[in-house]
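What you see is a predicted model; the values in this text were computed from it and never measured. In what follows, chains carry the letters A, B, and so on, assigned in the order in which the sequence lines appear, proteins first and then strands, with residues in each chain numbered from 1.
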Amino acid sequence: MSYDKVMKLALERGFYFPSCEIYSDAPAGFWEYGPTGLNLKNKFIELWRRQLIRRDGMLEIDGCQIMSKSVFVASGHISNFTDPVVKCTKCGSTFRIDRYIEEKTGQRVPERLADSEIDALILQHNLKCPNCKGDFGKVGRFNMMFRVGIGPASEEAYLRPETCQSIFVDFSRVFKTMRGRLPLGVAQIGKSFRNEIAPRQSLLRLREFYQAEIEVFCNPSRLDEMPRFEEVKDTILRLFKDGEAVVTEVTAQEAIARDLVPNKLVAYYLALLTEFYEKTGIDIRKSRFRRLSDVEKAFYASVAFDFEVETSTGWLELVACNYRSDYDLKGHANTSKESLEVVDPADQKKVLPHVFELSMGIDRSIYTILEHSYYEEQVKEETRAVLKLKPYLAPVVVGILPLMTKEGLGEKARKIHSDLKLDFDTFYDESGSIGRRYRRLEEVGAPFAITIDQTTMQDDTVTVRYRDTMQQERIKVPELRQFLHNSLRI
RNA sequence: GCGACGGUCGUCCAGUUUGGUCUAGGACAUCAGAUUGCCAAUCUGGUAACCCGGGUUCAAAUCCCGGCCGUCGCACCA
C-alpha cells in the first residue's frame, strides 16, 4: 500500500497525527500516537518482549532521557555528533563546510579540526557560496543533540540521542545486582531525541522517537561459543551487500560457514530478529540485512548490518545491528574512571565486554506493519479497506454488534460485551447497517466481529465473522472467551 | 537549511486567475431519528473548514509581506 493511503488511514482512524496540530507554530518532526496507534504500539512492544527479551533471558531497564554532559563526552556524541556549518552572508544558504571543502579541493577535513583552521582553509582556497557566489561567514557548529539546562545554573546536559547510553552507564550495577553472565542482553524501550535538520514523512523521520534497543555484552574471545545458537541454526537469513544483484538466502549456520556473518553470536541475534519480524506481519520476503560498508558505518561500529524492509518509500532501515566492540564501555570507563570490567565465569578472567547491539526504530516498525498489512479489495463494486493485522497486534480484537437493537438483541449484545471487555480489546457498536459496522472494524484491523441475531435469543449462539475471509461461523456464547483466547495465541 | 510548488469541514475537492452574490458549495465520513435486518442500502435532520500573524482596501478564502506546516529536489540522516 502507498504511503499516502497509510497516512490517510492513520489520520482518520486515530493511529497517529501531528503533535500540537491546533497551533500554527507546531514544529516538524513531532508526532503523537492516538488510541489505536498506541494500542498497536503497546502490543508490538509486548511481542518484542516475548520474542527477544524473555526468550533470550535479557534484562530490561528504563533509563532517564536527560543525561549529563559527561555521558556524551564519553560516548563521542559531543565531538562526533557536531557538524561544522557555514552560512552564506549574502543568500543565507547553509553548508556542511567539511564536506564542501572536500568536494571542492579533494582535501580531507579531519573531524576534530578547529573552527579557526577551517576558516583558514576557506580563505586559502577562496571558497564562495555555490548558489550566489557570496562570501561565507565564520564556521559554526550544529549539534544534533538537544541541549537542556538543569537547575537554576542551567548545568549543561542533553536529551539522549539514543537510548543505549543508559544501558552502558548502568551496565556495571545491573550486571552485579542481577548476577549477570556473559553474554548478557540488556534492553531498553524509550524515547530518543535528535534535532534533525529536515524531518520528513511522519513516523519515518522524527525528532522525538521511540527506540527499542538491545545491547548484548559479550566476551570478544567467545563469540563462537553460543549454545543457544542451535535453536536458530536453520533460520533463514536474508543477507545483502551493496553492489550485489540479489539477496542471499542462507541458514544461520551456512552464513557463518560462508563467512557472510562474522560469528555465531551475531548470527544468533540476526536470526532472533528475523523470527521476531516474521511475527509482526511484515512481509519478510521484502526484508534484508544489508551489510554496511566502512564509510557508511556509525563512528562506533566495527561491523554493521541494517535490517531493511521495502516499503512504498523505498528501502527503510528498521533496525541497526552494530558490533560496537568495547567502544562504549571503554569510553565510559576512561571518562568516569570507573572500572567496567567483569569476570567471565568461563575462565575466571577479567574482561571488558564487547557489545553487539540491535537498535530498533519502533515508529518505523509501526509504520511498516501498517503499510504491509493494509489492503484494498473489490467487493461488489465497492472497495473494502482492510488492515490485516495479526490478531495479537490488533488494537481492537473483536467488535460486538447486535444485528438490531430491538427484541432484546441490544441488551444481549451489551451483556456479552461486558463479559468480555475486561479481558479483550473489544468494541461495541449498534449504530448503522451491519455492513458498515463490519467495514469500520476492518479498517482498524479487528480480526473478528461477533454478531448477535434472532438465533442468539433461541440457542445462545452468535456468529463470528473473520475479517480476512468475511466468512462466518456460529459459536456458543459461553465458548467465546476460549475462542478469543485461542485466536490470540502467537 | 536552500529552491520550486502547495495549505479551504475528519477526508477529498470546488471557489482564488478578474477582491463583492461565500451568510464558503459538494462528495465521502461522522452524529441523531426513521426504515431495513448479515456485508459501506435508503430517507430526514444535524455537527463540521478558509494554517497563523500583519498589511492594502469601503470590502480579502481571493492581493501583498512575514512565520509555520506539507510534497518534491538538493543537502543531511551520527
Side chain of [X] - closest among [options]:
X: Met404(A); options: C74(B), G37(B), C69(B); result: G37(B)
X: Arg200(A); options: U36(B), C38(B), G1(B); result: G1(B)
X: Tyr3(A); options: U71(B), G1(B), C77(B); result: U71(B)

- Query: Do we see a donor-acceptor contact under 3.5 Å between the side chains of Glu162(A) and Ser192(A)?
  - Reply: no
Looking only at heavy atoms, which two atoms of [X] and [Y] are closest? And how far apart?
X: Arg160(A); Y: Lys191(A); result: NE-O, 2.8 Å
X: Glu443(A); Y: Leu387(A); result: O-CD2, 3.7 Å
X: Tyr158(A); Y: Lys69(A); result: CE1-CG, 4.1 Å

- Item | NZ/NE/NH1/NH2 to OD/OE distance under 4.0 Å, Glu430(A) and Arg414(A) | yes
Integer angstrom distance from the [atom1] of [N] to that of [M]:
N: G15(B); M: A24(B); atom1: C1'; value: 8 Å
N: G53(B); M: A48(B); atom1: C1'; value: 25 Å
N: U62(B); M: U56(B); atom1: C1'; value: 13 Å
N: U47(B); M: C2(B); atom1: C1'; value: 43 Å
N: G7(B); M: U16(B); atom1: P; value: 13 Å
N: A14(B); M: A61(B); atom1: C1'; value: 12 Å
N: G25(B); M: C51(B); atom1: P; value: 16 Å
N: A4(B); M: U44(B); atom1: C1'; value: 48 Å

In whole Å, what is the span from the [atom1] atom of [X] to the [atom2] atom of [N]?
X: Glu430(A); N: C31(B); atom1: CD; atom2: C1'; value: 14 Å
X: Arg207(A); N: C76(B); atom1: CZ; atom2: C1'; value: 12 Å
X: Gln201(A); N: G73(B); atom1: CD; atom2: P; value: 9 Å
X: Arg290(A); N: C77(B); atom1: CZ; atom2: C1'; value: 12 Å
X: Arg205(A); N: G1(B); atom1: CZ; atom2: P; value: 14 Å
X: Tyr466(A); N: C39(B); atom1: OH; atom2: C1'; value: 17 Å
X: Asn195(A); N: A75(B); atom1: CG; atom2: C1'; value: 16 Å
X: Leu203(A); N: C77(B); atom1: CG; atom2: P; value: 22 Å

For [N], the Watson-Crick or wobble partner whose two distances fall under 3.5 Å:
N: C50(B); result: none
N: C74(B); result: G1(B)
N: G33(B); result: C43(B)
N: C58(B); result: G20(B)
N: C12(B); result: G26(B)
N: G6(B); result: C69(B)

- Is the NZ or CZ atom of Arg290(A) positioned over Trp315(A)'s six-membered ring, under 6.0 angstrom from the centre and within 45° of the axis? no
- Message: For Tyr374(A), does the six-membered ring have the charged nitrogen or CZ of Lys5(A) within the cation-pi criterion, i.e. under 6.0 angstrom from the centroid and within 45° of the normal?
- Response: no
- Message: For Phe307(A) and Tyr277(A), take the angle between the two ring planes, folded into 0 to 90°, and tell me which bin it lands in: parallel under 30, tilted 30 to 60, perpendicular over 60.
- Response: parallel
- Task: Take the angle between the ring planes of Phe483(A) and Phe448(A) and call it parallel below 30°, perpendicular above 60°, tilted in between.
- Result: perpendicular
- Which residue lies toward the 5' end of RNA chain B, Ser202(A) or Glu317(A), if each is placed at its nearest nucleotide? Ser202(A)
- Note on the structure: Comparing nearest nucleotides in RNA chain B, the 5'-proximal residue of the pair Pro161(A), Ala26(A) is Ala26(A)
- Sugar-phosphate means primed atoms, P, OP1 and OP2; the rest is base. With that split, encode nucleotides 50-55 of chain B 5' to 3' as B, S or - using protein heavy atoms under 4.0 Å. --S---
Contact list (N/O, under 3.5 angstrom) for nucleotides 10-14 of chain B vs protein:
from: U11(B); atom 1: O4'; to: Glu12(A); atom 2: OE2; distance (Å): 2.9
from: U11(B); atom 1: O2'; to: Lys8(A); atom 2: NZ; distance (Å): 3.0

- Phe276(A) and Phe44(A) aromatic centres sub-6.0 Å: yes
- Between Tyr3(A) and Tyr367(A), does the ring centre distance come in under 6.0 Å? yes
- Item | Spacing of CG belonging to Asp363(A) relative to CZ belonging to Arg205(A), to within rounding of 0.5 Å | 14.0 Å
- Message: If you count heavy atoms of other groups shown closer than 6.0 angstrom to NZ of Lys388(A), is the number above 12?
- Response: yes
- Task: Answer yes or no: does atom OH of Tyr466(A) have more than 12 heavy-atom neighbours from other residues, nucleotides or ligands under 6.0 Å?
- Result: yes
- Item | C38(B) base / Arg465(A) side chain donor-acceptor hit below 3.5 Å | no
Report each atom pair, protein N/O against N/O of nucleotides 40-46 of chain B, whose distance is under 3.5 angstrom.
from: A40(B); atom 1: N7; to: Arg439(A); atom 2: NH1; distance (Å): 3.4
from: A40(B); atom 1: N6; to: Glu443(A); atom 2: OE2; distance (Å): 3.2
from: A40(B); atom 1: N1; to: Glu443(A); atom 2: OE2; distance (Å): 3.4
from: A41(B); atom 1: OP1; to: Arg436(A); atom 2: NH2; distance (Å): 2.9
from: A41(B); atom 1: OP2; to: Ser433(A); atom 2: OG; distance (Å): 3.3

